[in-house]
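The structure appears below as structure tokens.
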Amino acid sequence: MSTDAPTAAELPPKYVPADVEPTITQTWDAANAYAADTSGGGDPYAICIPPPNVTAALHLGHALNNTLQDVLTRAARMKGYNTVWLPGTDHAGIATQSVVDKRLQATGEKALKDYKLDEAEGKSGRDAFIEKVQAWKDEYEERITQQLKDMGCSCDWDRQAFTMDEPRAKAVREAFFQLFKDGLIYRGKRLVNWDPVTQTALADDEVEMEDIDGNFYYMKYPIVVPENFAPGESPGADTQWIKTGEFATVATTRPETMLGDTAVAVNPDDAPRAKYIGQFVKLPIVDRVIPIIGDDYVVIPDEDSDDSKARMASGFLKVTPAHDPNDYDIGQRHDLPIINVMAPDASISITHGWPAEEKPEQIADLQPLIGLSREAARKAVVRWFKDHDLLAKVKPYRHAVGHSYRSHVPVEPYYSDQWYLKVTDDKLAGAALRAMDASQRSDASREATPPGPGGHRPPATTYSKTFPESDALDTALSAYDEFIRLDTEKHADGSATFRVTLNDDCPEADAIEVRELLEAQGFTTDADAASGSTAKPTAPEATGLRFTPERYAKTFQTWHENIRDWCISRQLWWGHRIPVWSFHLSSMNEDVVTYIIKKFDADQRGEAGPDKPANWLSESDEFAWSLAQKIGKEHSESAHYSFGILNDEDAQPSPPHHISIGPVVHVCLRSHDQELVEKLEAAGFEQDPDVLDTWFSSALWPMSTLGWPEKTPDLELWNPTSVLCTAREIITLWVSRMVMFNLYFLGRLPFRDVFIHAMIQDGHGQKMSKSLGNGVDPVDIIHSHGSDAMRYTLTAMTTQTQDVRLPVDIIDPHTGETVHPKFTAGPGGTKVAAPIQEHPPGSGKQMVSSFGLASGQAEPTEDVPLARNTSEKFDVGQRFATKLWNATRFALGNLADAEADAVGCRMSVSDRWILSRTVRAIEAADRALVNYDFHNYANGLYQFVWNEVCDWYIEAVKPVITKPEGAKSRQVLAAVLDTSLRLLHPVMPFITERLWSALSAVCPQRGVEGLDPEETELLVNAPWPTADRALIDRDAEERFGRLQAVVSMIREVRNGAKVSPREQVEFSIKAEASASEPIRNGLALIESLTNTKIVAVGPDTVKPEHAAVVTAPLGEGYLHIEVDTAAEGERLTKRKEELKKSLKTLDGRLSNEKYTSKAPAHLVQQTRDQRAAAAAELERVEAQLNALA
RNA sequence: GGGCGAUUAGCUCAGCUGGCUAGAGCGCACGCUUCACACGCGUGAGGUCACAGGUUCGAGUCCUGUAUCGCCCACCA
């Protein structure tokens, strides 16, 4: 780049980001500036990008997120850390699958349901569909990557990862295998949150609650008794039932589920109704006779209650175990049958769990309901009850209903088989809680945390015991030799002391086992033993997981304290297929099972090396063991439950309840060994059709991006990563799971710090989202303002707040004008930009808004093009970039022939002052970055550069900068500019890099004593400036401050007197001889900054008759102008009032004996000084007023 | 129902462990095309810090309560 080194003249007068940014990007790429290598020196610094979903392009929320990461990354790189920022994307299972399906439907192509049919017919529907999704992923991954590159993100692009690529798939299989082997993954039959549209189960946190205006329906169920009713006698199948004429009136918001009712419940404490317990009702429509049971879950009606449920309740609760989680629990307590009345699409069905013995196909009144949607069925059922005079009443009711975060339809509680991860296990949730920084964990949790085997946290890492014989140590320990260190001390009497130290990287799961083992053998923790060189006790506050802002620690803590097992299976095609092959044992010969087990055993043993310790269960043994355990476990469970399995043909849950398939053997494969798979499948095993919850692979991200499960140098160096930077909505979904997994598999945190940044809302306070179409493409902002401007603004707006509002405008593609869009009512009371906008109004010229495009309500055409978004919020950044550009242009114009040696030249007050301020700016920037205080980092530098460097320093040195006596100032200016560029580089990389090259070309040697960091060719790799505190110059700061005050006052007077800025005015100063030195030093500065000519300085200066007076602590100044007496009087009077007022409050404070005695001395002194200054000025002002009059 | 947070100039927001005569940017008013910058320079107007109590010598800052708004969690009768 030296061949075409830019000179000052080559810096165009105007900063056009689009002309600069692409070139700079090329420069960085060519220099391979972001490449990270474990062999590089310096302490490690790593950040994993929160992988954006490949569902769509990035919006401003991502821009914020990634800007902050880049600020941290670039700063760390400059500070000399061995820095890596790992980029990547997330496959986002359900989201991507449904977005692709939607697109296929919209374009009329073969969509998911067609592929499902293909698959059912044995054609490759699944693979064909995945190809479609893959194509989408490729497109968006590329687009996202380009967006990040446009933003200047300094990721190591050679390490780009994708949650579903092969290295990540390997990590997922390994993690699943280990968890499976450790008994933490299980098959559960539960009510899941079922999304009938996407037809998959959702995790609890994928369900969004929405308030819905519904109704309470009061339905009358006739109470019946057996023909020959004898209390205590159980009715048989052939019992004849007689209506008593009484009714149990149930209250429900979901009448259609009554088809699956298997009981009616009343509260045993509900006096008027408890007597019905033990009786029966005949369920209308289906004529099923179900018992009335007693359960204290039932709310007792109370019309005067504060509880809305009590006001609405009828006292009778219909119990539908298959379609309501509470009812499910009641059903479990009372051993009620579970009757599923819906198909996976939530239409009424008699073939998905309706007991065949009821012969539902013969129930006449049921037939019209079959196939109806939930909503239609509700109406039909209500109509039926009304027609049969069984509908008591209907009351409107507003209540919260869970909706799918993906399809936005109400979630259906649905009874099915799923895979669960036992995160409730202490090794997962408990470990995550204990990993929190002690200073951020509330006391309640410390009590709530079950004390581990070692007692309180942090658990001991060193145990010892003395045995009579030196060979007495249990060999079981050697299973853990990877994670422990064993020291043996043999004594003269033949006994030996064994000291076991747990390694720092011992996974939590193994640590617990080791501790248990040791304690069982009588080992004790020995504080003295640990205090030696063997173990370095680390302070918990130094090692724990820390949140910034702190308050989010509470979210994390509460989540883990109330955590429930995690449903990890999803009925999707796009995702990591569950690495489990299953076989139903009902038809399997026991010999076959034995054979398979042995076969596996042999295969696995063949692979295991001969050097495996004998006592350490080989993987194959483990495998056989877990296989056997699974069989055993499920055999035992089968005594109580029937086992459903997934029906592979349609990849949907099979009718669960009534089909007893029997126990299932599950085989989990560690690696996708094709030979093994073939064997399994030949033996009749089938791979589970489900895929893993997308967060399963995300949870491994800080490990899988660094090579886990291999112990790669990358992993050892950069995991734990330094910080995770994300949004708060994801603390439970993602942060929690990364913490649990990293602790479980590696025994250490995935990251030390978690920085939670604000959420960007639109101008109406609505979350930016795809469905609202209010998301803004960062590239749009780069287009209108430039990347640096966007980055600066986003960084500066990052305070500790939860949300920031960002009003969005659109750019008229016809004229290029920025206009405020028109808004209309969107879905659910939201405000959205009108799909088609007209500008100017009535002109007929139209454009499509991004909402129009996103919602599919408008399609851009040549005449009605898409309008880009913009926002005037980014003007600040744009202006700042321009300011920096112009300041540099000024400097370069004057530094062109700056001689390197300014020896003999003394620094002026201004020089000393700006150097002092520069050191403070460095310190402030450092402090802000360490504290993730992005606002103060960006804003502080803004103030420094604009208000101090530009407004004062550059203005102050203008008179001398071109002259020989300005040599020192030129040197200082170059050093200050150099430092500013370095400090600003992390937030504004493009412009600073561009200016850096210009500065280097013009002034290759720069720096002053105490501020002389190494110059490098590229700023991206330049060292961060260090602050030499010796440059902090209080004297200069004080003097310069006084000069600033005088200048401001003169300007104020000039302005007030309406003196033209162009008119040079004479100025004279009256000051004591002792004060004349500092004043003389500042004469040139005062003259140039106020356009005055100083004609006299000294103790004998006489005030001209009409002059305006400027007062300062060291004297007075006289501005030789024809003062407008009235205006001057007004100004002075106003000032007088201000002074009097402040004098009054200061006097009040000082006369308060309690204040002077209790307040800190320096504050009292400060108040006294303030009072003295105010009194002195007041005196002068009054004197002037008298003179005027 | 539980939890977290917000409420400070017309707008968007700062204000750490109480010391503020309450700040910034935009917008507004006035004056300047001054040879780095009109995406600029200078000057100014504008706030009883949501409300009510309390603690304190002193409260925007701490405590209690009220109101409004937002988010997260919670089993949808």
Side-chain angles (χ1 to χ4, degrees), chain A residues 11 13-15 191 204-205 209 212 214 216-217 250-254 257 265 297-299 307 309 312-314 316-320 324-329 397 399-402 410-411 413 551-552 554-555 558-559 562 728-729 731-732 759 761 763 765 767 789 796-797 799-807 872-873 875-876 878-894 931 933 935-936 939 942-943 950-951 954-955 958 1048 1051-1052 1054-1056 1058-1062 1090-1091 1138 1141-1142 1145-1146 1149 1152-1160 1163 1166-1167 1170 1174:
Chain A
L11 275 188
K14 202 170 151 59
Y15 176 55
L191 281 192
D204 292 340
D205 36 44
M209 301 311 286
I212 292 296
F216 244 113
Y217 300 91
V250 299
T252 181
T253 55
R254 300 209 48 200
T257 63
Y297 171 77
V298 181
V299 175
D307 180 6
K309 264 186 192 168
M312 304 300 278
S314 70
F316 292 101
L317 175 69
K318 64 191 274 302
V319 183
T320 323
D324 183 291
N326 303 307
D327 293 6
Y328 178 78
D329 291 342
Y397 184 61
H399 60 138
V401 177
V411 160
R551 71 184 108 99
Y552 294 113
K554 188 160 184 168
T555 308
T558 329
W559 170 256
N562 303 310
R728 68 178 180 283
E729 59 187 354
I731 292 174
T732 56
M759 198 130 79
Q761 303 177 331
K767 200 154 127 179
M797 72 166 55
T799 62
Q800 302 241 318
T801 43
Q802 296 204 119
D803 311 302
V804 286
R805 283 194 185 195
L806 199 137
E872 59 185 26
K873 270 265 186 177
D875 292 354
V876 201
Q878 192 178 28
R879 287 194 184 97
F880 185 42
T882 303
K883 188 72 178 176
L884 186 66
W885 181 266
N886 285 315
T888 308
R889 283 206 311 136
F890 168 82
L892 296 185
N894 294 298
N931 295 323
D933 185 355
H935 167 77
N936 276 328
N939 195 44
Y942 178 98
Q943 309 241 329
C950 292
D951 289 350
I954 288 182
E955 294 304 324
K958 265 183 184 173
S1048 295
R1051 285 170 173 171
E1052 187 185 330
R1054 288 187 62 127
N1055 247 287
K1058 301 232 188 297
V1059 179
S1060 162
R1062 269 172 303 175
T1090 60
N1091 196 20
E1138 279 172 9
K1141 194 180 151 202
S1142 94
T1145 58
L1146 292 168
R1149 208 177 287 172
N1152 185 334
E1153 193 273 327
K1154 286 175 177 169
Y1155 174 70
T1156 48
S1157 63
K1158 287 192 179 180
L1163 274 174
Q1166 185 187 311
T1167 312
Q1170 283 172 348

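To find a chain, count down the sequence lines: A is the first, B the second, and so on, and within it residues start at 1. What you see is a predicted model; the values in this text were computed from it and never measured.
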[M] and [N], which share atom name [atom1], separated by this distance in whole Å:
N     : M     : atom1 : answer
B/C72 : B/C57 : P     : 44 Å
B/A50 : B/C13 : P     : 15 Å
B/U43 : B/G5  : C1'   : 39 Å

Remember a base hit wins even if backbone is also touched, and classify [X] as base, sugar-phosphate or nothing at under 4.0 Å, heavy atoms.
X         : result
A/Pro413  : base
A/Asp324  : nothing
A/Thr882  : base
A/Glu1153 : nothing
A/Val804  : sugar-phosphate
A/Arg728  : sugar-phosphate
A/Gln878  : base

(request) Kindly point out which of B/C37, B/C13, B/A14 is positioned nearest to the side chain of A/Glu955? (result)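 Of the options given, the side chain of A/Glu955 lies nearest B/C37.
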
(message) Using OP1 and OP2 only, check whether a side-chain N or O of A/Lys883 sits under 4.0 Å from B/C41.
(response)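 It does, given that an N or O in the side chain of A/Lys883 lies less than 4.0 Å from OP1 or OP2 of B/C41.
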
(message) B/A14, OP1 or OP2 - any side-chain N/O from A/Thr799 closer than 4.0 Å?
(response)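 Checking A/Thr799 against B/A14: at least one side-chain N or O falls below 4.0 Å of OP1 or OP2.
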
(message) Output one letter per nucleotide in nucleotides 19-30 of chain B: B when a protein non-hydrogen atom lies under 4.0 Å from the base, S when only the sugar-phosphate is that close, - when neither is.
(response) B-S---SS----

(request) Could you pull out all residues at least two apart from A/Asp933 that satisfy side-chain contact (heavy atoms from CB on, under 4.5 Å)? (result)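 With neighbours one apart ignored, the set is A/Ala928, A/Asn931, A/His935, A/Asn936.
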
(request) Would you indicate whether the side-chain heavy atoms of A/Phe890 and A/Asn894 approach each other to under 4.5 Å? (result) yes

(message) Please determine whether any donor N or O and acceptor N or O are separated by less than 3.5 Å between the side chain of A/Asn326 and the base of B/C75.
(response)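 Under the 3.5 Å cut-off, the side chain and the base do form a donor-acceptor pair.
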
(message) Which heavy atom of A/Asn1091 sits nearest to which heavy atom of A/Pro1061, and what is that distance?
(response)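 In this case the closest contact between A/Asn1091 and A/Pro1061 is ND2-O, 2.8 Å.
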
